[in-house]
Amino acid sequence: MNSTSAAQSVFLGIRLNNGVNRQHMITFYLSCYATIMLATFVPQVQPFILEEVLQLEASRQGVVSGNLNFWGEIVIIASVGFWGGLSDRIGRRTVTTMGFLLAAAGILLYGLVRELNGLWLARGVYALGIAAVTTMLITLMADYADDASRGKATGFLGVMNGLGAMTAALFLLKLPAIFQARGLSINESAIATYGSMAGVTLLVGIAMYLGLKPGNNRDFSDRTPLLQQMREGLAEGRRPLVALAYVSSFVARGNLAVVGTFFTLWASLYGTRELGMSTADALSKGGAVLAISYAASLFSAPIFGIMTDRLDRTTALAVTLAIGAVGYGSTLFLSDPFGVPAIICLILIGMAEVGCIITSGVLIAEQAPEKLRGSVVGLFTLSGAVGILIASVVGGYLFDHWLKTGPFVFFGAISAMVCVWALMLRLSIRRQQADTA
């Protein structure tokens, strides 16, 4: 036991599995940073393509944005199993590198698009690459960090995610305006914006191949078939707290999709229609506002982590859902995405996003039986994917046909309902505990 422990390396207080060193961990966290940066950049700069390059009428942009999100998520759901199996055969490093190269190709295609059909192709190629990368993030975490340090390792992952999102909001959303200010035309600015990001993504892919650990740490030859996983996960969903965790994953991932897809679209349309700004300038201003929301996520994450450890898991989840219900629901009364009331709502939304992810993740980890953990976590993840699909389609319709804040109000109502359910479950559990005492 002591000899095994002595062979382990330590990185930022995280005990590493045998054969893993600090270079591997630094590269892993670079992939975490780059993945969320790209996942923020692509949907949030998309209004520039829709408005300026494709000149799509405003009444269609919500549905088109939602449908692009929907299509991308379908590609991700359909391909994650393939990427996981392929990584068992050719290695995590190779699949992670392939993922970033595919994402780079998809991003480059975005800049070359001149008709709507091309946008579907670009989003599909990009989504295929992101599916590979996100699948490997989960696997690499299990490969690299010792079980006893997994929580701390996940906390640093959250920090890198927050920094990546803030980079996109504070800098990358300004790229179209920067290139236009240098005299480039709209089409040239699109090529420069997406081409430069494709180049950065290509460099990240090369860094993955040079810096990640070659080979595999684990043997997944006994991988449970997908259909069996779904049956086992659904069976566990009969337990109320597991079902609550599944629905909370739906809310958490749906929340991310709503903000990522529809806020910059709202900011773009408001800035151009009401303030007379260019789309590039409106995106830049929207990015500055979004950065405040991401900062709220970044700084509140440790608070929610501590709260989740000190409170009952269901209570902690209810608190985050209540914050989300207020933050999202209050957007019903907003008309200006740049005003102080909108910033206050986005601060609450940023807190709710990270809080719901943390508390729902801890709840499912607590409730999943060890023998069925893969199946339960798999369905938990699938529920989150369904949340993104629903947020994309329903949110797009509400954005075009009701209110620009319609997608936010919709998820505020869902958060409120799930919050009430969590509180009712908590009271029921307490009554059962009192009866058996």
Is [X] reaching over with its side chain to a backbone N or O of [Y], donor-acceptor style, under 3.5 angstrom?
X	Y	answer
Thr135	Ala131	yes
Gln61	Leu56	yes
Asn255	Glu353	no
Trp421	Leu244	no
Ser87	Arg92	no
Tyr144	Lys213	yes
Ser249	Phe380	yes
Ser428	Met424	no
Ser31	Phe28	yes
Ser268	Thr264	no

To the nearest 0.5 Å, what is the distance between [atom1] ([X]) and [atom2] ([Y])?
X	Y	atom1	atom2	value
Ile429	Asp312	CD1	CG	6.5 Å
Ile388	Ile76	CD1	CD1	7.0 Å
Leu265	Ser65	CG	OG	4.5 Å
Thr320	Met307	OG1	CE	6.0 Å
Leu112	Leu119	CG	CG	12.0 Å
Thr359	Ile364	OG1	CD1	12.0 Å

Donor + acceptor pair across side chains of [X], [Y] (<3.5 Å):
X	Y	result
Gln46	Arg123	yes
Thr261	Asn69	yes
Tyr209	Thr96	no

Heavy-atom side-chain proximity of [X] to [Y] below 4.5 angstrom:
X	Y	result
Leu38	Met197	yes
Met351	Ser297	no
Leu269	Phe399	yes
Ser248	Val418	yes
Ile390	Phe250	yes
Phe410	Val258	no
Tyr294	Thr40	yes
Leu346	Ile292	no

Heavy-atom closest contact ([X] atom, [Y] atom, distance):
X	Y	result
Gly162	Leu298	CA-CD1, 4.1 Å
Ala282	Ala267	CB-O, 3.7 Å
Leu54	Glu115	CD2-N, 3.5 Å
Ser284	Lys174	OG-CG, 3.0 Å
Pro407	Leu403	CD-O, 4.1 Å
Ile347	Ala296	O-CB, 3.6 Å

Check the orientation of [X] and [Y]. Use parallel for under 30°, tilted for 30 to 60°, and perpendicular for over 60°.
X	Y	value
Phe263	Trp266	perpendicular
Tyr270	Phe338	perpendicular
Tyr126	Tyr110	perpendicular

Glu51 and Arg273 ion-paired at < 4.0 Å: yes
Under-4.0 Å salt bridge between Asp400 and Arg60: no
Val125/Ile107 under side chain to side chain contact (heavy atoms under 4.5 Å, CB included): CA gap, chis, key distance, verdict: CA-CA 8 Å; Val125 174; Ile107 291 170; over 6 Å; no
Aromatic centroids of Phe41 and Tyr194 separated by under 6.0 Å: yes
The single option from Leu332, Leu398, Leu334 passing side chain to side chain contact (heavy atoms under 4.5 Å, CB included) against Val409: Leu332
Full working for side chain to side chain contact (heavy atoms under 4.5 Å, CB included) between Leu121 and Asn117: CA-CA 7 Å; Leu121 174 63; Asn117 288 335; over 6 Å; no
Candidate pair Val386 and Glu73, rule side chain to side chain contact (heavy atoms under 4.5 Å, CB included), full reasoning: CA-CA 9 Å; Val386 173; Glu73 195 62 25; over 6 Å; no
Chi angles and distances behind the side chain to side chain contact (heavy atoms under 4.5 Å, CB included) call for Gln367, Arg239: CA-CA 9 Å; Gln367 293 296 317; Arg239 296 167 50 209; 2.8 Å; yes
